[in-house]
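What you see below is based on every heavy atom in this structure, not just the backbone, and it leaves out hydrogens, waters and symmetry mates. Quick note on labels: first sequence line is chain A, next is B, and so on, each numbered from 1.
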Amino acid sequence: MKITALNGFKDIVPGEVELWQRVETAARAIFSRFNFSEIRMPILEKTELFARSIGETTDIVEKEMYTFVDKQITMRPEATASLLRAYIQHGLHVQKPIQRLFTIGPMFRHERPQKGRLRQFHQMDVEVIGAQNPRVDAELMAMGALLLEELGVTVSLELNSLGCPACRPGFRETLLAFIEDRYEALCDDCKRRSNTNPLRVLDCKNPSCRAQVEEAPSIQEHLCGECSDHFAVVQEGLQQLGVNYTLNKFMVRGLDYYTRTTFEFITGDLGAQAAVGAGGRYDGLIEQLGGPKVPGIGFALGMERLVLLLQQQEEMESAQGEIDIFVAGLGEAASEFVFPLVHALRRKGLRAAMDHEGRSLKSQMKQANKAGAKRVLIIGDNELEQGQAVLRDMQTQEQEEIPIASGVDKLAGSLFAAC
RNA sequence: GUGGGUGUAGCUCAGCUGGUGGUAGCACCUGGUUGUGGCCCAGGAGGUCGUGGGUUCAAGUCCCAUCACUCACCCCA
């Protein structure tokens, strides 16, 4: 039996990896423009960290984590908890009252794989810690929207507020009363959810449940004064920055730590996994994890989903790397000469390649062409005897003779000047 | 965890109601030019038809099991 990658784990091979690099390069550029610094955390953390932040009763913690049970450690299922742990551990709040941080890397969840959802997946995660101003919420969403725009993917931004510990319990009761009248009409999942987390009933996909909650009370109308003011300024900010959004009173996030602002970047082109990016505010979380009493907000972008969108929105022009020069050696003596020459060219900074299989000139020319070589240097027995090699320009097809007798380093220098 | 779909060359796939695995396309190698790429032409290499059982004179094809992949539910980025 052949050994293959694990179910839900994927290789990113040449031809596809270029798209990933594009996504990552664009993201780093944008994050930098918005004054974010990179932070990198380990993939393994104590299990307790995720239980305390994401929520003991969430699906992620209950059944989706890769945990080494005997060691009480877990491969991170998301980035925020690890990032906040690092923030607290290093006392970053002392260095700067407001920290703007991003991280890029793999996350792990043991779910059944499907389109846009893998067991090892990759997120670009952005967090602003220490900022209470609602404008920061708008600024973050504007940054996400700008990145997606620059990548050329079209998404819609959906916005909601989940309130805070002061007003959410009240809404929860209001909603529960509404749900109880319709309890029998709900799907089995929603019956269960109405006990554990009634807000979740709001975003059930089951059509009959949707119909039932259509007229459900909106949390947006049950916010306390502070949350309501906050939500209003967030929306003003989005308008000021020209970011389009729609309010969605049914949007509930799956992680327990969210408060107030929550949002999702949604696409219609990925099947069931419609969220390309999502996030929100988590004002009590840092304190809950043993840190200072500071607010926070952040969001994550799913890289697999971005790459899928890029793949289907434009026919992959496989712009694989091109090289500066291919050195074709003909025969054993020439190969002896070419081997160190190619290395000398690379030391000069040129992207250089050669053939090691002793193939015909025709074959080597094909290789050079496939590698996208701008020039080919041809050296055979004739050239060695005469002390002149042939340098061919692959675009213009022009060839010139250049002296090779003065040694590899000099030749590499003159080739570097020529390229 | 629950459903559906699909497994034939490195990739994309033909293969009808069982009767010798495809001149299929892309990719790869060689040649058409004693030492010159892209286009074209010719040739070549590459497969335990996912795996294991069963039915049959005969199974890629039918049946069962199993594994893998995939889509959806659930959940989420």
Side-chain angles (χ1 to χ4, degrees), chain A residues 1-10 13 15 54 58-65 77-80 104-126 144 148 155 187-190 192-193 197 200 203-206 251-255 263-267 270-280 298-309 318 326 328-331 334 357 359-383 389-399:
Chain A
M1 188 59 196
K2 266 189 292 189
I3 297 179
T4 59
L6 293 171
N7 189 15
F9 290 71
K10 279 265 184 313
V13 294
I54 298 169
T58 57
D59 281 14
I60 294 178
V61 171
E62 274 187 344
K63 51 193 188 195
E64 294 175 359
M65 297 204 302
E78 59 116 35
T80 303
I104 299 175
M107 312 293 157
F108 304 85
R109 290 183 203 170
H110 190 98
E111 303 177 271
R112 198 70 166 262
Q114 69 187 71
K115 184 172 185 168
R117 188 178 75 186
L118 295 175
R119 289 181 172 173
Q120 176 178 333
F121 60 104
H122 300 78
Q123 288 188 339
M124 304 188 293
D125 188 73
V126 181
L148 293 166
V155 296
C187 68
D188 291 346
D189 282 323
C190 281
R192 176 176 53 78
R193 278 190 280 247
N197 188 351
R200 284 292 190 73
D203 72 348
C204 181
K205 284 187 198 129
N206 187 311
M251 189 177 74
V252 181
R253 313 294 353 279
L255 286 67
F263 56 94
E264 291 184 354
F265 292 101
I266 304 283
T267 174
L270 285 183
Q273 310 306 318
V276 176
F299 72 97
L301 292 160
M303 295 184 75
E304 277 78 6
R305 294 176 187 183
L306 278 174
V307 168
L308 278 172
L309 285 175
S318 58
F326 187 98
L330 303 171
E357 309 305 319
R359 293 213 242 247
S360 69
L361 178 58
K362 175 174 179 167
S363 171
Q364 295 197 46
M365 291 299 289
K366 282 188 179 179
Q367 288 178 57
N369 186 54
K370 241 171 281 169
K374 292 180 200 147
R375 282 164 233 277
V376 175
L377 184 72
I378 301 167
I379 301 178
D381 292 340
N382 299 344
E383 284 74 15
V390 175
L391 183 62
R392 176 181 178 86
D393 185 305
M394 293 294 273
Q395 266 100 57
T396 65
Q397 307 189 24
E398 283 165 13
Q399 302 194 164

Rounded to the nearest Å, what distance is computed from the CG atom of residue A:D125 to the P atom of nucleotide B:A77? 10 Å
Letter by letter from the 5' end, nucleotides 32-38 of chain B scores (B base, S sugar-phosphate only, - none; protein heavy atoms under 4.0 Å) B--BBBB
In whole angstrom, give me the gap between the C1' atoms of B:G32 and B:C13. 31 Å
So, is A:Q114 near the phosphate of B:U70, with a side-chain N or O under 4.0 Å from OP1 or OP2? no
Mind checking the P distance from B:G60 to B:A68? Whole angstroms is fine. 24 Å
Pairing annotation in dot-bracket form, given for RNA chain B with Watson-Crick or G-U pairs under 3.5 Å and | for cross-strand partners: (((((((..((((.....[..).))).(((((.......))))).....(((((..]....))))))))))))....
Considering only the C1' atoms, how many Å lie between B:U12 and B:A27, rounded to the nearest integer? 11 Å
Determine the Euclidean distance between corresponding C1' atoms of B:U51 and B:C69; express it in Å to zero decimal places. 14 Å
May I ask you to verify if any side-chain N or O of A:S363 is less than 4.0 angstrom from the OP1 or OP2 atom of B:U30? yes
Please list, chain by chain and in numerical order, all residues satisfying side-chain hydrogen bond (donor to acceptor under 3.5 Å, both in side chains) with A:K115, sequence neighbours excluded. none
Please classify the nucleic acid contact of A:G279 as base, sugar-phosphate, or nothing, using heavy-atom distances under 4.0 Å. nothing
Under 4.0 angstrom, heavy atoms only, what part of the nucleic acid is A:A368 near: base, sugar-phosphate, or nothing? nothing
Can you name the residues that form a salt bridge (charged side-chain N to carboxylate O under 4.0 Å, His left out) with A:R375, not counting sequence neighbours? A:D393
Distance test, side-chain N/O of A:K115 to OP1/OP2 of B:C76, below 4.0 Å: no
Do the side chain of A:R305 and the main chain of A:G116 share a donor and acceptor less than 3.5 angstrom apart? yes
Given the P atoms of B:U56 and B:C73, what is the spacing between them in whole Å? 44 Å
Using side chain to side chain contact (heavy atoms under 4.5 Å, CB included) as the criterion, list what pairs up with A:E357, not counting sequence neighbours. A:D355, A:R359
Taking OP1 and OP2 of B:C74, is either one under 4.0 Å from a side-chain nitrogen or oxygen of A:R109? no
Checking A:R109 now: which residues fulfil salt bridge (charged side-chain N to carboxylate O under 4.0 Å, His left out) with it, not counting sequence neighbours? none
Determine the Euclidean distance between corresponding P atoms of B:U6 and B:C63; express it in Å to zero decimal places. 12 Å
Across the strands shown, which category fits A:L308 at heavy-atom distances under 4.0 angstrom: base, sugar-phosphate, nothing? nothing
Using a 3.5 Å distance criterion without hydrogens, assess whether the side chain of A:R119 forms a donor-acceptor pair with backbone atoms of A:P113. no
Expressed as a whole number of Å, how far does the P atom of B:C71 sit from that of B:C64? 26 Å
Across the strands shown, which category fits A:R200 at heavy-atom distances under 4.0 angstrom: base, sugar-phosphate, nothing? sugar-phosphate
Is a donor-acceptor contact shorter than 3.5 angstrom present between the side chain of A:R112 and the base of B:C76? no
Of A:Q399, A:M394, A:Q367, which is the lone residue that meets side-chain contact (heavy atoms from CB on, under 4.5 Å) with A:V376? A:M394
What residues, two or more places apart in sequence or in another chain, satisfy side-chain hydrogen bond (donor to acceptor under 3.5 Å, both in side chains) together with A:Q364? none
Looking only at atom P, what distance separates B:G47 and B:G31, rounded to whole Å? 23 Å
First encountered from the 5' end of RNA chain B, between A:K10 and A:G116: A:K10
Who are the salt bridge (charged side-chain N to carboxylate O under 4.0 Å, His left out) partners of A:E78, not counting sequence neighbours? none
With A:D59, which residues qualify under salt bridge (charged side-chain N to carboxylate O under 4.0 Å, His left out), at least two apart? A:K63
Rounded to the nearest 0.5 angstrom, the CG-CD distance for A:L301 and A:E304 is 12.0 Å
On the nucleotide B:A68, are OP1 or OP2 found under 4.0 Å from the side-chain N or O atoms that A:N7 carries? no
Determine whether any donor atom in the side chain of A:E111 lies under 3.5 Å from an acceptor atom in the base of B:C73, or the reverse, and answer yes or no. no
